[in-house]
Every structure is written in structure tokens, then in C-alpha cells.
Amino acid sequence: MAAAALWQPREEGLREICGLLEQQISPNADQARIWQQLQHYSRLADFNNYLVFILAHAVGKSLEVRQAAGLLLKNNLRTTFSSLSSSYRQYIKSELLPCLGASDRTVRSTVGTVVSVLLQLEKVAGWPELLEALAQCLASNDFNHMEGAMDAIYKICEDIPEELDVDVPGLSERPINIFVPRLLQFFQSPHAILRKLSLGSINQFIVFMPMALFMSMDQYLQGLFHLAQDPSAEVRKLVCSAFVQLIEVRPTLLEPHLRNVIEYLLQANKDPDDEVALEACEFWSAYCDGNLPPDGLREYVPRLIPILLSNMAYAEDDETLFDAEDDESFPDRDQDLKPRFHSSRFHGSDNSEEDDEDTVNVWNLRKCSAAGLDILSNVFGDEILPTLMPLIQQKSSTTSDSSWKEREAAVLAIGAVAEGCINGLYPHIPEIVTFLIPLLDDKFPLIRSITCWTLSRFSKFIIQNIGHRDGYEQFDKVLMGVLRRILDTNKRVQEAACSAFATLEEEAAEELAPRLEIILQHLSCAFGKYQRRNLRILYDAIGTLADAVGSELNQPKYLDILMPPLIANWQQLANSDKDLFPLLECFTSIAQALGPAFSQFAEPVFRRCISLIEIQQLAKVDHVTAGVQYDKEFIVCSLDLLSGLAEGLGSGIETLVAKSNLRDLLLQCCMDQATDIRQSALALLGDLAKVCPVHLHPRIPDFLRVAAEQLNIAAVKEAVSVANNACWAIGELAVQVHQEIAPVVLTLISCLVPILQNAEGLNKSLRENSAITLGRLGWICPELVAPHVGHFIQPWCTALCMIRDDYEKEDAFRGLCAIVRANPSGAVNSLSYLCKAVASWHEIQSEDLHNDICQVLNGYKQMLPDGAWEQCMSTLEPPVVQRLSRFQV
């Protein structure tokens, strides 16, 4: 303490640091230079002392300079506090505490921020004086001291709530037991800011619910109802937030009060303050998502729906209204371009790691109300239609320009309930679509855009009705209407139309074939109209079209329309331009759809992919020489397009691979630190193994070793999708290289068997691929696999039951037959498992395999002692026994 008291700033140092901070906050400052100078000062042992001194005592300086010193101190403490001498630590803490009650709110607030960070570093036991100071401030009746302490407590509760719920040496009770009663008292404060901070602090504890709050729950809930009509909107918002959190994590605590809570939130959902209404609106989705009894909400639904519908109209200050008139001729701003994320290629039946859509949108009352209506429709279904439909009809029948927002909200509402109320709406879909089609040409762009979305919500049912009277005509009207909107002059409508078209494509598939030429003409025109953001969506729509129509696209008249603008954009984009990503994905879909016919476009595409990978691998170690910043997405997208080429061209890719260094690049990528690069590289390894294995020599042992490394238990837990692709690639290599796989077979078995034995919680696709690859190894090297079959036959057969009939399942069963022939006694005790696996076939295409399975089953029937076969059959379900009869047993 004495050492701390002796420290005094040198006048010169104080002047220089204050001068730097003044420069830092000026708008035209050279931030890089100032940062360098501050870094130079930060090497001084007492630099943080200067910062706390400026924050606490530099009364003659501007508040901005004092605040800047405090924020720099906060950041410095995170990295340097542990290395400071104890006297300097003590000095900093002793200077902060008196400032909790500083006369200026900016200083108090900055001190609260620093105090919270310091407590994270010191813990309560390391700074007992803080609790004492906070308690004294709260009891002082001086507004500045109470508000400063409350602000610090709020930040502590926000950052480290659990730190207050610990036993502290020297304290008779936990800090939270001291503070909760005092915070609850402040619910009655005449000062709105103190009511807000006290409620906000307690709300931070709802999720982990310490005993102190649980035991005070009645008082807390009484306090919430007391604050429910608070004149401060910020307080009312926190009351709503508390009810939302409680219904999410502790619904039983609200049960006795549920009627009062719902009544309050129905009113709060109409609050003149949009933020309060938004927080109240979150309750309905939280209630339904929590799978709470629908009866608790049912009687309120007729009152809730009109409120939701009213709030679905655009607010006057909705930012969408300001962008709504964006003409296509205005270039996109950088902030208009949402970040996008490519999902690495995945071989299998599901990919649980795939992310949701990467849309980054502002959440507001309109969107929350629409989401609430959507989830209500999923819980209550057609029950809500008698309340909802008259309101929709009333809003949609208004015709004046001034009521366009009401009409737009009505269209949004129809789309919101399209899924949940489909049974009740289904007979009326032709009428609904007939109502919507003219709105595609409405004078208001936001009505045109929402109509695109709502039509897309019904696209599945529009397609289903094609076979009915007038069904095709209506589908055609929807299709042509959406295509017209793709060429709208408004950017928002273009975006909505492209997205709606992509949904329609996925549902319609081959139904689009008769209209392909006119579809492609519209999409081709869009290239001349679209700015960057919508071009990305257009590429996605073209890729989806290729996926939907497949080889139908392979006609010269179609390719002459589609390919020139794509190739022109491909050539214009620089190797560092991220707009290449959606274009690479688009080419991947086209290559797969066209198959060998893509060969006329393949060479420049293949070469560009190789070049992109090489540039990025160089950029990783030397971005100056590479001329671009490293971005792994370029590698991932390029690998996936090469996979698409391998899949589309088949053995036709061989000449391109032969003339390139792809093999060595691919091995590097298979060993990359980034999981998504390894995932895509291993997918490409499997694709190349299928079509040109000869070009993987002489590195096949290296590829097998690297792939096997992805299958140990630690690697599987870290990146299950990488393991999945590695497993699949090994199986594809095995059937191509035959005996070359022998040296690693036992290593591979030791990796695959634990996956099958510990399948619970693992990705379904990884289990299936493990079962297939194990079978392929047994088919190629039965003499190596058969001795171990007794260890894995049961989980293996269980996994084989899950696989759909295809050539991969045939390979696996060839392995099963080869292993059992080599070691029949190894599987005899698990015969019922083997029988169930055989019975999982619906139809075996290969006559040879069918005969092999017959031989295996009949072999066991003859090998078993009298009555044992019949005993085995009696343990099986009748449908299994019936299916086995196809194999002559």
C-alpha cells in the first residue's frame, strides 16, 4: 500500500500520453502511427498507472480523453495485469474505487467497465475491497454513488454472473446473497436508471438460477409485475425479457402466474415503443418452442393473432423502406454484400455439420411477429384460420395507395401460415394463387417481393396440382410471373424472385424441361441487369436449375444461351475476387448436370481451379509474392468444382489430370490444417479414385495413410465430416487398387470397428460409409479381414441394414460373403444379425451377388446341427423370414 501511495506521474509523461490520447480521438488521426507510439509507452512498467491517473484525476482534460484512457486501460489489463508488480496492481484498484461515485456519468461508466474486467482477473477473493465499496455506494443515498455502483454491478453480472455465486474466504455469505436483496429493493427506486440497472442485473442470473434468486423468486416476480407498467420503456423491455427467459429455461416457475403473464404480454405486444413490443413478441415463439402445453395459450390465440398481424406491417422507420426504391442501376455498396460461406463437399446421406443459411438480417417487430404467426400455425394448425382469414381478407381488400403496407402484411401472413395451416388451406390453393399472381405486377416493389416469397411457400403444392384441372396452366402462370420479376428494375424484387425461383426449381425438377429455353433467356437477360449482390443469387438459381433438370440441359440451343455470360464473368473476375465462389459452385452443378458434354468447357475451368489452389497455397506462406491475401474458401470451392468435373466427365477428366500437378496438390490439401479443406480434398480423392486411379500412383500409400489418420477416435470427434469423406475415399480406392491396400488393411479395421461399435451419437453417414468400406476391404482382402470378423460382425450387420440399395451396398455384401466363406465359424454366433442384414435388401440387381448370398445362407443351414437353423429363424420377425425366402432357404 505504501509503495502504491508513493507513485506519482511525471509531468512530462502525463503530458505526452494525454497528447497521444487527444490525437487518437480526433477524427482525422493517423491511427496506425498513434497505435505504434502507444505500444512504445505500454512497455513502461507504470503505463497503466498513468492511464488510471488520467481517468481518475485529469479533471482539466476532456471527458473523451479520460474515457479513452479508461478503455485503453481495460484492454491493457487483460494482457498485462498478471505481470504487474503487486504495488502497481494495488494502486490501480485503489484509484478506481473512489471513482465509482464520480460526478460525471461518462467517468462512472468507464470505471464500471474497467472494474468488471479487473474482477474477471482478480476474482472476488482477490479484491474484497470492491464488494465493500459497492455495498457502501448502494447504501449511500447519493445518486452518483448508487448509479456508479449499480452500473458496475450490472457489467459484472453481464460478464461473470457465476463469479458472484461462490464462497469467498473471510465472507460469511456468498456475494450474490448480499446483492440480490439490495437489487430487488431498487425495483422501487424513483430513478428509472436504477430500476433499469437493478432489473437488468438480476435478469442475468435467470439462465443459471443461483439459489439466492430461486429463494427470492416470489419477491422477484412481484417486482416484475410492479415494474410492468413502468413509465420507462427500457424497464418495460427488461420486464418482457425476464418473462421470455423464464418461459425458456424455468417455465414451472411461471406456471402459477401464467394467465397474468400472458395478459400482460398481450398488452406489451401493443406497446407504443417498438423495442418493448418486440421483446414481448418473443414470448410466443419461446412458449411454443418450449413444447409447453398448447392449452395454456389456446384461449388467447384469437386475441393474439390480430396483434401479430397488425405488427407485421412495415414500421415507418423500417430500414427496408429506405432501400425499397433501390433501382438496379445503383451499384451495390460493400455493406450490401452479405458474407457467404461455402459448405464443403460431403459424401453420404446426411450432413449434420452443415450450417444454416448465412443470411445476416436486422431482427425487428415485423419479422418477429411473422415468425410468431408461423410457429403458432405449426402448433395450432387450422384452428387459427377462422380468426386469421377474415383479417387477411379485410387487409388485402384495401385499394388505396396509403394502405399498401396493410396489403403487404396480408400477403406476408398467408406465406407465414402456408406450412402450419396447409390442411385447411389446401383446397383453396388455386384461389390463393389466383389472388397472388396479379400482385407480382403491383406498383409497390415490396408487395411484388413479398408475393414472390409467399408463392414460393406454396410451390410444393402448386407442383402437386399440375395433374389436376387447370393445374399446369396455373403453374405456368406462376413460373412466368416469377421470371418476369427476375427481370424487375428493383433490386429487392430481383433478389426475392431469384430466391423464389430456386425454391420452385427444386420442387418442379423435370416439369421445367418444356420451359427451359424461355427460363434460360430470362436468366441470361438478368446478367446484363444485375449488380454484384444479386449476381451471386443468380448463380445459385442457375446451379439449382442444373441440379433440377440434369441432362435435359445438354442441348446446344440451351448451352448457347447459358454458357457465354457465365464464361464472360468467369474470365473477368480476378483470382482474388470472392464473387468467384458462387460462380465456382454454379459451374460444379452445371458440370454434374451435363456430364461428358461439359468437356467442351472443361479445360480452362480445370486449369483455373489448379491455378487458384496453387496461388492460395503460396499466399498461405507468402501473400506478397502470391499477390493475394490467403483465403481458404478459394481452395475449398476449387476442390469441389474439380470433384464436380470428375463426377461429370468421368474418365474424360483423365487427360486433364495427366497434364497437371493435381496429385501432389491434392495430397497437400488432404493434410491441410483447415478441416473444410481436408473434407473437400478427401471427397475429390474418392472421386478421382473412381475415374482415374492410375494418376494417383505412386502416392497411393501416402493418400491411404493420410486418410486413415482422419479415422482415429480423436479425429472423428474433432471433424466427423472429414472422417466421413476419408472413410468413403478409402473404400473407393480399395476397389480400384486391390492388393495395394493390403499393407494398411489391419490399421483401417482398427479405425473402422470402433466407429461401428460406438455408433451412438455419430453421424449416420459415417456409420454407413464405415460399413461399406469395411465390406470393400473384406471383398479385396478377405484373408486379412476374416480372422477378426467375430469382433465386429454384429454392429457391422446392424449398420448394413440402414444402407439403401445401390452399388456401394452390393460391394459391402460381396465383402460380407467373402469374409464368411473364409471364416464361417466367426459369424455363426451372430447368424440372426447376418440374416437381418440380408433381409434389408429390397432388390439385388447383381445376379452373382444374389447367388453368393444364397450359397452363404444355405452353407450355414447345412453346417448347423439339427434344429439350430429353425431355432435361429424363430427369433426373427415374420417379415424378415419372408424376405429370406427369396434366397432359397
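What you see below is based on every heavy atom in this structure, not just the backbone, and it leaves out hydrogens, waters and symmetry mates.
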Next item on the list: Answer yes or no: is there a donor N or O on one side and an acceptor on the other, between the side chain of K836 and the main chain of T798, under 3.5 Å?
Entry: no
Margin query: Could you check whether any side-chain N or O of T544 sits under 3.5 Å from a backbone N or O of D540, counting only pairs where one atom can act as donor and the other as acceptor?
Written below: yes
Note to self: Return the OH to SG distance between Y426 and C421, rounded to the nearest 0.5 Å.
What the structure shows: 16.0 Å
Check: Can any side-chain N or O of S524 pair as donor or acceptor with the backbone N or O of L520 at less than 3.5 Å?
Finding: no
Check: For the residue pair F444 and Y314, is the inter-centroid distance of their aromatic rings smaller than 6.0 Å?
Finding: no
Notebook entry, point to check: Should E275 and K237 count as an ion pair when the cut-off is N to O under 4.0 Å?
Noted result: yes
Check: For the side chain of N423 and the backbone of D382, is there at least one donor-acceptor N/O pair under 3.5 Å apart?
Finding: no
Item checked: Y220 side chain near L199 side chain, heavy-atom distance below 4.5 Å -> yes
Margin query: Has E279 got a side-chain atom pairing as donor or acceptor with C240's backbone, closer than 3.5 angstrom?
Written below: no
Check: Is the shortest side-chain N to carboxylate O distance from D374 to R457 below 4.0 Å?
Finding: yes
Check: Does R492 reach the side chain of P445, with side-chain heavy atoms less than 4.5 Å apart?
Finding: no
Check: Should the pair D441-R485 be classified as a salt bridge under the 4.0 Å nitrogen-to-oxygen rule?
Finding: yes
Checklist line | Salt bridge flag under 4.0 Å for residues R298 and E383 | finding: yes
Next item on the list: Would you give the length of the straight line joining atom CG of L412 to atom OG1 of T451, rounded to the nearest 0.5 angstrom?
Entry: 10.5 Å
Item checked: Side-chain donor-acceptor contact under 3.5 Å, E495 with S449 -> no
Check: What closest approach, in Å, do A799 and I803 show between heavy atoms, and which atom pair accounts for it?
Finding: O-CG1, 3.6 Å
Next item on the list: Determine whether Y287 and L254 make a side-chain contact, defined as any pair of heavy atoms from C-beta on separated by less than 4.5 Å.
Entry: no
